[in-house]
Amino acid sequence: MIKITLPDASVREYPKGVTGMDIARSISEGLARNVLAVKVNSEVWDAGRPINNDATIKLLTWNDDAGKATMWHSTAHLMAAAVEQLYAGAKFGIGPDIESGFYYDIDLGDRTITTDDFAQIEDKMMELIKEKHEFERRDISKSDALAYFTKKGDEYKIELIEELADGEITLYQTGEFIDLCRGPHLPDSSYIKAVKILSVAGAYWRGDEKRKQLTRLYGISFPKRKELDEYLVMMEEARKRDHRKLGKEMELFAFSQQVGMGLPLWLPKGAQLRERLEAFLKKVQEEAGYEPVITPHIGNVNLYKTSGHYDKYGKDSFRPIETPQEGEAFMLKPMNCPHHCEIYKVIPKSYKDLPVRFAEFGTVYRYEQSGELHGLTRVRGFTQDDAHIFCTNDQVKDEFKGVIDIILLIFKALRFDDYICQISLRDKADKVKYIGNDANWEKAEQAIIEAAAEKGLKTTIEYGEAAFYGPKLDFMVRDALGRKWQLGTIQVDYNLPERFDLEYTGSDNQPHRPVMIHRAPFGSMERFVAVLLEHCGGNFPLWLTPEQVIILPISEKYNIYAEKVLKLLKNSDLRAKIDCRNEKAGKKIRDAEINKIP
RNA sequence: GCCGUUGUAGCUCAGGGGUAGAGCACUUCCUUGGUAAGGAAGAGGUCACGAGUUCAAUUCUCGUCAACGGCUCCA
């Protein structure tokens with residue numbers, strides 16, 4: 001007998017070799033029907049895999065992320081099985097579950113799959129599901145695994161197996177389809193009730209752009225038909241909220257081939273919106289002791305050589321601008337920090353002057369690969385709500401708290417209620433790749449953790465995610481549809497003060513190095529407006545919306561009175577307009593509604 | 001940048017080797033109205049751009065550009 005500890009800490013005894021499914025059945029039939037996999041100690045196992053030692057287990061259902069992952073991973077196998085039947089000779093790369101659904105990378109040779117083929121593949125998958133195939137696990141030696149896939153002619157699997165050690169290779173068989181896989185999988189295919197292939201795209205084998213591009217099929221599956229329908233409705237809702245679509249409809253911004261890709265044009269209503277956001281933050285920053293500065297849109301290449309950005313990003317930037325004479329070279333400003341460092345240096349600083357906080361809505365230009373551009377979220381020219389705080393090591397914590405306050409104020413004003421914070425720290429095992437001394441890092445990391453805790457933030461800590469120049473705190477928000485976006489960021493920087501030789505005179509009358517903090521509560525105006533648009537579906541809070549009120553006269557006879565009302569509203573600082581078109585009230589109401597006038 | 005898909009009126013889209021269509025938007029006229037589309041007429045397009053095939057190309061082929069879906073990347 002072995003001892004099985006359940007999540008409620010109760011311990012039950014079962015014979016050696018008991019499976020998750022057996023345990024579920026011993027609790028209730030209903031539970032057994034819903035069990036997709038089982039977590040044994042810290043590993044997720046097949047529900048049918050024998051447990052031979054004492055263990056702490058958790059039965060996983062659709063309500064657990066790992067349960068969903070198991071279903072999606074199994075469905076990926078099923079899709080591969082269907083594709084193999086329909087496209088003889090197809091070779092398979094990898095097919096994992098992802099945040100929502102799964103994909104499989106497939107080499108189809110000369111053939112292609114288009115959206116028109118999805119239905120056929122889905123039908124075949126449903127056929128396989130009805131045949132109730134098991135996902136049969138099999139331990140196999142490395143040489144046998146290689147022999148099988150060599151015979152099959154699947155060089156991708158062979159490459160994967162080559163990298164594995166003998167003794168840790170398992171295969172899973174579903175019907176005719178045999179895949180290299182560590183599992184776990186569903187007990188059998190009948191647990192899947194609804195499948196949908198979502199999209200097809202190219203993806204490099206192993207993410208390497210020098211290697212062959214495979215066909216990647218994305219899909220999703222559910223334990224109930226109804227859940228698939230709900231998911232599809234939600235996707236439809238997300239499409240309606242796409243900021244590119246809303247931005248066009250609401251006349252906020254546009255792009256022009258003439259101006260160039262990735263270079264947004266802000267239309268009057270969009271510019272108004274953006275300026276209102278900027279004014280909001282400027283006021284908050286003024287109260288928080290920030291001083292506005294303004295710097296040029298270009299800078300001498302030497303500036304970026306000093307900052308180190310030229311070495312790191314120079315070849316991926318817009319090419320330097322050469323002057324007709326003098327042999328000078330300038331870069332379009334890719335970030336504001338070096339300029340702010342130069343501002344810091346203009347006037348000698350004492351410890352009594354710190355912290356200094358330079359703020360600028362600084363427009364920067366970065367060369368992004370053409371395929372990366374996406375609406376307002378990824379552009380080649382954008383404006384950061386940037387500021388740089390220069391302070392002492394001891395002031396880092398308070399400055400972080402001050403910035404957190406600003407970010408939370410913004411989130412509150414714009415109704416981002418659901419956010420999480422990620423603290424990115426050094427990789428403990430590999431401290432050498434970071435610049436700056438150990439004691440300061442330690443202090444700053446501690447300061448961030450404490451500042452976040454004292455502000456009551458819900459945080460996750462990621463080791464190894466820090467930038468080489470310092471630790472950081474990032475804010476991610478969930479929008480109304482549950483999608484995650486990274487917005488505000490606060491970063492400590494030990495690198496630039498060093499490179500620019502920034503100093504202040506301490507109370508000991510000796511020169512000291514200040515710490516620099518980069519921060520941008522919005523991130524960039526472009527990105528923030530995009531996220532905000534999708535978050536509120538275009539229905540901005542009243543204070544932000546371009547047109548707050550519309551007056552709808554019932555007939556032309558009342559236009560003069562409407563003008564009077566308009567004046568009253570404008571005198572009260574309300575943004576209003578009159579719809580004096582020769583239309584009926586019903587039509588005007590409908591149009592105002594469509595135009596999202598609150 | 002790479003792979004794939006797409007490009008027809010301001011917008012959303014249909015069509016298709018013989019130089020173009022709908023709905024909405026727009027203009028004018030009629031209607032002067034009561035809570036989500038009143039009626040009529042009109043204007044508007046080098047069918048992304050450049051080559052090629054053809055008697056003839058918006059349609060077929062190739063190239064360029066751009067958008068979209070991914071991949072890779074993101075100071």
Side-chain angles (χ1 to χ4, degrees), chain A residues 93-94 98 103 105-108 111-117 198-218 239 242 244-245 247-251 254-263 267 304 307-317 331-338 362 364-375 377-380 382 384 386 467-470 472 486 489 491 493 495-496 499 518 520 523-524 527 550 552-559 579-595 597:
Chain A
I94 56 166
I98 52 176
Y103 66 78
D105 285 344
I106 307 162
D107 182 352
L108 294 160
R111 288 161 297 182
T112 56
I113 288 180
T114 70
T115 48
D116 297 336
D117 303 318
L198 297 170
S199 63
V200 57
Y204 301 110
W205 170 233
R206 317 211 83 177
D208 183 343
E209 60 183 317
K210 291 185 184 62
R211 306 195 64 178
K212 184 159 181 175
Q213 192 148 31
L214 308 178
T215 301
R216 176 170 294 181
L217 276 181
Y218 285 89
R239 269 191 283 278
D242 188 318
R244 294 166 300 182
K245 180 175 144 71
K248 194 190 259 185
E249 285 171 6
M250 298 174 73
E251 298 174 10
F255 292 90
S256 146
Q257 286 191 30
Q258 289 276 20
V259 174
M261 60 168 89
L263 298 169
L267 308 183
Y304 305 106
S307 71
H309 291 111
Y310 187 84
D311 280 344
K312 205 164 161 60
Y313 298 104
K315 51 187 182 310
D316 298 319
S317 296
M331 306 275 294
L332 279 168
K333 179 166 74 177
M335 78 290 297
N336 304 297
C337 355
V364 298
Y365 299 91
R366 295 178 184 177
Y367 173 78
E368 304 287 359
Q369 299 188 84
S370 59
E372 305 313 320
L373 302 171
H374 180 90
T377 53
R378 195 77 186 272
V379 288
R380 284 177 166 176
F382 58 97
Q384 296 177 304
D386 213 355
F468 75 93
Y469 51 76
K472 59 182 180 176
Q486 188 191 316
T489 177
Q491 307 185 6
D493 188 343
N495 181 42
L496 289 183
R499 284 179 164 271
H518 308 253
S524 84
R527 193 179 160 79
I550 189 159
L552 311 179
I554 286 158
S555 103
E556 283 167 16
K557 286 189 288 200
Y558 308 112
N559 281 357
D579 183 353
C580 55
R581 290 176 307 162
N582 183 4
E583 297 289 352
K584 300 211 175 198
K587 170 79 166 162
K588 291 182 181 183
I589 290 165
R590 178 184 150 83
D591 286 349
E593 190 62 41
I594 288 169
N595 289 323
I597 297 170

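Letters A, B, ... mirror the listed sequences (proteins, then strands); counts begin at 1.
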Between Asn495(A) and Asp493(A) the two heavy atoms that sit nearest each other are N-OD1, 2.6 Å
Please name the pair of heavy atoms, one in Tyr367(A) and one in Ser317(A), separated by the smallest distance, quoted to 0.1 Å. CB-C, 3.7 Å
Need the pair for [N]. Rule: Watson-Crick or G-U wobble, both distances under 3.5 Å, any strand; none if unpaired.
N      : value
U32(B) : none
C60(B) : G52(B)
G10(B) : C24(B)
C47(B) : none
G16(B) : none
C2(B)  : G70(B)

For Met261(A), answer base if it contacts any base atom (sugar-phosphate contacts may also be present), sugar-phosphate if it contacts only those atoms, and nothing otherwise; contact means non-hydrogen atoms under 4.0 Å. sugar-phosphate
With heavy atoms under 4.0 Å as the rule, sort Ser317(A) into base, sugar-phosphate or nothing. base
Can you tell me if [X] touches the phosphate of [N], counting only side-chain N or O atoms and a distance under 4.0 Å to OP1 or OP2?
X         : N      : value
Arg380(A) : C73(B) : no
Arg366(A) : C74(B) : no
Lys248(A) : U12(B) : yes
Tyr365(A) : A75(B) : no
Ser199(A) : G70(B) : no
His374(A) : G69(B) : yes

From G1(B), C65(B), C71(B), nucleotide with atom closest to Gln369(A) side chain: G1(B)
If you check the Glu368(A) side chain, which of G70(B), C2(B), C73(B) turns out closest? C73(B)
With C1' as the reference atom in both, quote the distance from G17(B) to G39(B) in angstrom, rounded to an integer. 41 Å
Side chain of Arg378(A), base of C74(B): donor and acceptor closer than 3.5 Å? yes
For a quick check, tell me whether the side chain of Glu372(A) and the base of C71(B) share a donor-acceptor pair closer than 3.5 Å. yes
Mind checking whether Thr489(A) and His518(A) have side chains closer than 4.5 Å, heavy atoms only? no
Quick one: does Asp242(A)'s side chain get under 4.5 Å of Arg239(A)'s, heavy atoms only? no
Scan nucleotides 33-40 of chain B nucleotide by nucleotide, 5' to 3', and note B when protein non-hydrogen atoms come under 4.0 Å of the base, S if they reach only the sugar-phosphate, - if neither. BBSBBB--
